[in-house]
Q: 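Quick one: the structure is below, questions incoming.
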Number of protein chains: 2
Amino acid sequence: MSDTFTISQLAAEFGVTPRALRFYEDRGLLAPARRGQARLYSRRDRARLALILRGKRVGFSLTEIAEMLNLYDLEDGQETQLRTALGKFRAQIAALEAQRRDIEESIAELHRACDFIETSLSERRERVVGRPVIGYAVMPTDRV
Amino acid sequence: MSDTFTISQLAAEFGVTPRALRFYEDRGLLAPARRGQARLYSRRDRARLALILRGKRVGFSLTEIAEMLNLYDLEDGQETQLRTALGKFRAQIAALEAQRRDIEESIAELHRACDFIETSLSERRERVVGRPVIGYAVMPTDRV
DNA sequence: GTTGACCTTGACGTAATCGTCAACCGGACC
DNA sequence: GGTCCGGTTGACGATTACGTCAAGGTCAAC
């Protein structure tokens, strides 16, 4: 496991294309060193990329991710900068927790749907046929 | 609380624009009744919209949401259809659980960052100044 | 010394998800 | 009858996140 990576090594490792990495660089999310013209990614760049991709997976835009990474990069910020960063991070945490609730509700709903299907499959095996199966029985019509 | 809604009532209630609702209809996600030309949304449409928006919030594309809603709409499907739906729902559950893990890791990381900032703010108040604050101390360089 | 693999920049294309604007209609109210 | 409010369709524009060429540089291998 080496200490530097070429663009396609890194791309392959994370399942993205070299084009994507260049794009992230264009947007200020990465800034790999160069050997001549070629990009040379460090472990640090690699860790950054991991953060970027996870950020994407949880639904942040590249712009938002760039902001957060810039906050991470504060080496020796002013107190106000630090406080700003703190506020933003806490806001992100709150947003993520809200999103987690959404996800948990979706999971619960899908579980209900699965139960419903399983029940109707077993009922069907008992020759009880010919009535509605899913419909909106699993869909809340009032609770929003 | 009435039983039917106009397009802008519903849009306002859910914080989207009428344009979006028409768009969802265009993509087959909604199919409100008409009074003349005007759309007339039922409670059922409203519940569907809630599902659509939550689906969006958790990162599904409109196409994916349409598929899932169509699965929900199976009234009296064939056994194979039911089994297919079951498989897809279970896959979605797995995907959502993976996403929840991502979110939890992001939350944990943001918490670490917050702790770090808080510590360096208090250290700063103790007149210990002039050294790096965040940097990549909070960023994993090896664990991916 | 040329082939081939890998890299570069730059320009243009594309899919998803709407926003915006134009032009129009129908009903309520003055 | 005019006007305003809210609704309609349709077309075009904007943004994000890349994909897809095109045209070429570099470097080891044969």
Side-chain angles (χ1 to χ4, degrees), chain A residues 2-42 45-46 48-70 92 95 99 102, chain B residues 2-42 45-46 48-70 92 95 99 102:
Chain A
S2 97
D3 256 6
T4 60
F5 316 86
T6 107
I7 191 168
S8 32
Q9 275 173 13
L10 208 59
E13 179 179 347
F14 285 92
V16 300
T17 64
R19 173 71 178 94
L21 298 190
R22 295 191 196 102
F23 186 70
Y24 296 157
E25 184 173 345
D26 217 54
R27 296 314 224 43
L29 301 182
L30 286 175
R34 298 284 180 137
R35 187 183 43 189
Q37 278 212 119
R39 292 166 174 83
L40 208 60
Y41 295 85
S42 66
D45 294 322
R46 181 161 162 268
R48 243 179 124 90
L49 178 57
L51 286 182
I52 294 170
L53 296 179
R54 195 165 66 198
K56 279 186 47 108
R57 285 198 301 274
V58 308
F60 291 119
S61 77
L62 292 188
T63 311
E64 291 167 328
I65 296 173
E67 277 182 36
M68 298 178 51
L69 287 178
N70 290 342
Q92 301 291 10
Q99 208 182 331
D102 269 330
Chain B
S2 98
D3 257 6
T4 60
F5 316 86
T6 112
I7 191 168
S8 33
Q9 274 173 13
L10 209 58
E13 179 179 348
F14 285 92
V16 299
T17 64
R19 173 71 177 94
L21 297 190
R22 294 192 195 102
F23 186 69
Y24 297 157
E25 182 174 348
D26 217 55
R27 298 311 219 55
L29 301 182
L30 287 174
R34 300 280 183 140
R35 186 184 43 189
Q37 277 211 120
R39 292 165 175 81
L40 209 58
Y41 294 85
S42 66
D45 293 321
R46 181 161 163 270
R48 242 179 123 90
L49 177 57
L51 286 182
I52 293 170
L53 296 180
R54 195 165 65 198
K56 280 187 48 107
R57 284 198 302 274
V58 306
F60 291 120
S61 77
L62 293 188
T63 312
E64 291 168 327
I65 296 172
E67 277 182 34
M68 298 178 51
L69 286 178
N70 290 343
Q92 301 289 11
Q99 208 182 331
D102 269 330

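Per chain, numbering begins at 1; letters A, B, ... match sequence-line order.
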Q: What pair of heavy atoms forms the shortest contact from A:Pro18 to A:Ala11, and how long is it?
A: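 What the structure gives for the nearest pair is N-CB, 3.7 Å.
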Q: Report the distance from atom CG of B:Asp102 to atom CD of B:Gln99, rounding to the nearest 0.5 Å.
A: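 Between atom CG of B:Asp102 and atom CD of B:Gln99 there are 7.5 Å.
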Q: Nearest whole angstrom, please: distance from the C1' of D:dG7 to the CZ of B:Arg35.
A: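 That distance rounds to 10 Å.
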Q: Does B:Lys56 place a side-chain N or O at less than 4.0 Å from the phosphate oxygens OP1/OP2 of C:dC18?
A: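 Answer is yes, contact under 4.0 Å.
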Q: A:Phe5 versus A:Asp45: any side-chain heavy-atom pair under 4.5 Å?
A: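 Of all side-chain heavy-atom pairs linking A:Asp45 with A:Phe5, none is under 4.5 Å.
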Q: Return no unless some side-chain N or O of A:Tyr24 is found under 4.0 Å from OP1 or OP2 of D:dA17.
A: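 No, no such contact exists.
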Q: Would you kindly give the CD-to-P distance between A:Glu64 and D:dT15, to the nearest whole Å?
A: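 My rounded result for the distance is 16 Å.
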Q: Whole Å only: how far is the CG atom of B:Asp26 from the C1' atom of C:dT17?
A: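 Distance check: B:Asp26 CG to C:dT17 C1' gives 12 Å.
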Q: Ignoring hydrogens, what is the shortest heavy-atom contact between B:Thr4 and B:Gln9? Give both atom names and the distance.
A: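 Closest approach of B:Thr4 to B:Gln9, heavy atoms only: O-OE1, 3.9 Å.
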Q: Check nucleotides 8-10 of chain C against the protein and report each pair of N or O atoms closer than 3.5 Å, with its distance, or say if there are none.
A:
from, atom 1, to, atom 2, distance (Å)
C:dT8, OP1, A:Arg39, N, 2.9
C:dT8, OP1, A:Arg39, NH1, 2.8
C:dT8, OP2, A:Arg22, NE, 3.0
C:dT8, OP2, A:Arg22, NH2, 2.9
C:dT8, O5', A:Arg39, NH1, 3.2
C:dT9, OP1, A:Arg34, NH1, 3.2
C:dT9, OP1, A:Arg34, NH2, 3.2
C:dT9, OP1, A:Arg39, NH2, 3.4
C:dT9, OP2, A:Arg39, NH1, 2.8
C:dT9, OP2, A:Arg39, NH2, 2.6

Q: May I have the step-by-step check of side chain to side chain contact (heavy atoms under 4.5 Å, CB included) for B:Gln92 and B:Phe60, ending in yes or no?
A: CA-CA 10 Å; B:Gln92 301 289 11; B:Phe60 291 120; 3.1 Å; yes
Q: How close or far is atom P of D:dC12 from atom CZ of B:Phe23, stated in whole angstroms?
A: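 It is 17 Å, rounded to the nearest whole Å.
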Q: Rounding to an integer number of Å, can you tell me how far B:Leu29 CG sits from C:dC18 C1'?
A: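 To the nearest whole Å, that distance equals 13 Å.
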Q: Side-chain donor-acceptor contacts of residues 27-41 of chain B below 3.5 Å, not counting sequence neighbours, with atom names and distances?
A:
from, atom 1, to, atom 2, distance (Å)
B:Arg34, NH1, B:Gln37, O, 2.7
B:Arg34, NH2, B:Glu25, OE2, 3.0
B:Arg39, NE, B:Glu25, OE1, 2.5

Q: Working to the nearest 0.5 Å, report the span between CD1 of B:Ile52 and OH of B:Tyr24.
A: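 Here the interatomic distance stands at 7.0 Å.
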Q: When the C1' atoms of the five terminal pairs at each end define the local axes, what inter-axis angle does the helix from C:dG1-D:dC30 to C:dC30-D:dG1 show, to 10 degrees?
A: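 Axis angle across the helix from C:dG1-D:dC30 to C:dC30-D:dG1, nearest 10°: 10°.
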Q: Quickly work out the A:Leu10 CG to C:dC6 P distance and round it to whole Å.
A: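 It works out to 16 Å between those atoms.
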Q: Taking OP1 and OP2 of C:dG19, is either one under 4.0 Å from a side-chain nitrogen or oxygen of B:Thr17?
A: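 Checking C:dG19 against B:Thr17, a side-chain N or O does come within under 4.0 Å of OP1 or OP2.
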Q: Taking only side-chain N and O atoms of A:Ser8, does any of them lie within less than 4.0 angstrom of OP1 or OP2 on C:dC7?
A: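 Answer yes for this pair, as a side-chain N or O of A:Ser8 is under 4.0 Å from OP1 or OP2.
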Q: Between atom OG of B:Ser42 and atom CZ of B:Arg48, what is the distance when rounded to the nearest 0.5 Å?
A: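 Taking OG in B:Ser42 and CZ in B:Arg48, the distance rounds to 9.5 Å.
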Q: Is the backbone of A:Phe23 close enough, under 3.5 Å, to the side chain of A:Asp26 for a donor and an acceptor to pair up by distance?
A: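 Here the side-chain-to-backbone pair does not exist.
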